[in-house]
Amino acid sequence: MPKSKENMRNHALKRAGELKDSIKEYLEYSKTIRTGMKEWEEIRKRQDKIRSIFGVTEKKWRDWKWQIGNRIEDVDTLSRILPLSAGKMEEISLTGSKFRWAVVPYYLSLIDPEKLHDDPVYLQSIPSIQEYEDESGVLDPMFEEFTSPAPAVTRRYPDRLIINVTNQCAGYCRHCQRRRNIGEVDYHTSRDKLKAALQYVAENEEIRDVLLTGGDGLMLADKTLDWLLTELDHIPHVEMKRLGTRVPVTLPYRITTELCEILSRHMPLYVNIHFNHPLEITPDSRDACLALARCGINLGNQAVLLKGINNHPFVMRKLNQELLKIMVRPYYIFHAKGVKGTRHFRTRVEEGIEIMEKLRGFTSGLAIPTYIVNAPQGYGKTPMLAEYLVSMGANKLVIRTWENRIIEYDNVNYEENT
Ligand SMILES: *Cc1c(COP(=O)(O)O)cnc(C)c1O
């Protein structure tokens, strides 16, 4: 290694040049990645059009209950908003007879009508014939029906559990892992069942972390949420609460001032969201996330690796960087499970690992989630890790760096030290 100051600077400049070169491909590709921020103007125009179809004011549009009340769930209404061929309409109806679908007008407005075949929001929300034709997979690969020791409870780990508070969501994702619960009827878990679940938590002192989800935890009424969180606050061994929700993505107007006020009274509270593509990050979803962050809530993201939507290292990098801009910390990327009707979304695990390898080192450590495969039969989240430890000798390791440099590394020998 050169020693003089000038030589060191020259060395650093050469290295900086290499680094600049190595990011060029990403920067070029990134220009082609659709984002909700870049496309906001066109999205706003589409919202005007949808509002005129529904004859609704902008104020009403921003009312989350109006959005839910006016979900699009039949092909005739859908075809007034998106250009659908007769064949497509038939396919949607047929698949819809097997698997329920519904999209709120806000989320639908993100779809570019000219790019239906590969629009990430269209693919996540409108039924395709591939769902109908999928003979593989099972409805409950996680054995959730066998991991419920009390009403509405899913317990798979020693110190934490889920309370399923509702089967409702703002919209029904085509890749949903709990689609067996999304029948024709919407329900919130009854007060009696919630009380039984709370009692189970109270009676099991090792439970220190309670996750409210379903369905979507933020589909509950403000009052019910406040009551549930208060009950959990009163159980001394419950150290923290978590909420699982997709509303900041699909229905950002649900994040009201009143909701934020309620949530801010139940610290420590963690919210995990489900963004899958940078197109979903718009000024409206940004405002929802920032409002939650301002009231002290720690936000995480749980993406699902989906073929044709985000199974590209650069798309995933962009997604995670856009998330950090709105105070959401990437937490997990889930490998898609073998749920019936979702086969067309599944990738191989190698693809997920490659995506992870193209994050580490290439971008902020904060932008790097953990890639998870859920073990069959409900045996838990299992990290799929890229290998950076090549071999381990007695006093030496061989490591592989993010750029694939193979380097020897001294391992401290304690015997010699003492
Ligand atoms: C995912 C999950 C949790 C939370 O797991 P973390 O890894 O702590 O985020 C808890 N209980 C169940 C049943 C789960 O599926």
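Atoms within each ligand, like the ligands themselves, are counted from 1 in listed order.
Inclusion of R156 in the set of residues having an N or O under 3.5 Å from an N or O of ligand 1 is warranted. The N/O atoms of D209, backbone and side chain alike, include none that comes under 3.5 Å of an N/O atom in ligand 1.
Counting the atoms of ligand 1 from 1 in the order shown, those under 4.0 Å from a heavy atom of T154 are 13 (C).
Aromatic ring centres of Y106 and Y253 lie closer together than 6.0 Å.
Ion pair E42/K45 not flagged as a salt bridge, since none of the NZ, NE, NH1 or NH2 atoms sits closer than 4.0 Å to an Asp/Glu carboxylate oxygen.
Within the set Y331, Y270, Y157, F334, the minimum heavy-atom distance to atom 6 (P) of ligand 1 is found for Y331.
Side-chain atoms of H266 and D226 form a donor-acceptor pair, as typed in the model, at a separation below 3.5 Å. In this structure, a donor-acceptor pair under 3.5 Å is present between the side chains of Y200 and R155.
The protein non-hydrogen atom at the shortest distance from atom 14 (C) of ligand 1 is K381 NZ, 3.2 Å. With respect to atom 12 (C) of ligand 1, the closest heavy atom belonging to the protein is I162 CD1, 3.5 Å. Protein heavy atom at the shortest distance from atom 7 (O) of ligand 1 is Y332 OH, 2.5 Å.
Looking at R242 against ligand 1, only its side chain comes within 4.0 Å, counting heavy atoms. By the criterion of a heavy-atom distance under 4.0 Å, neither the backbone nor the side chain of R155 is placed next to ligand 1.
Checked by atom type and distance alone, the side chain of R179 never pairs as donor or acceptor with a backbone atom of L139 at under 3.5 Å.
Closest non-hydrogen pair, L324 versus R329, comes out as CD2-CA, 4.1 Å. The two residues E280 and L110 make their nearest non-hydrogen contact at CA-CD1, 4.1 Å.
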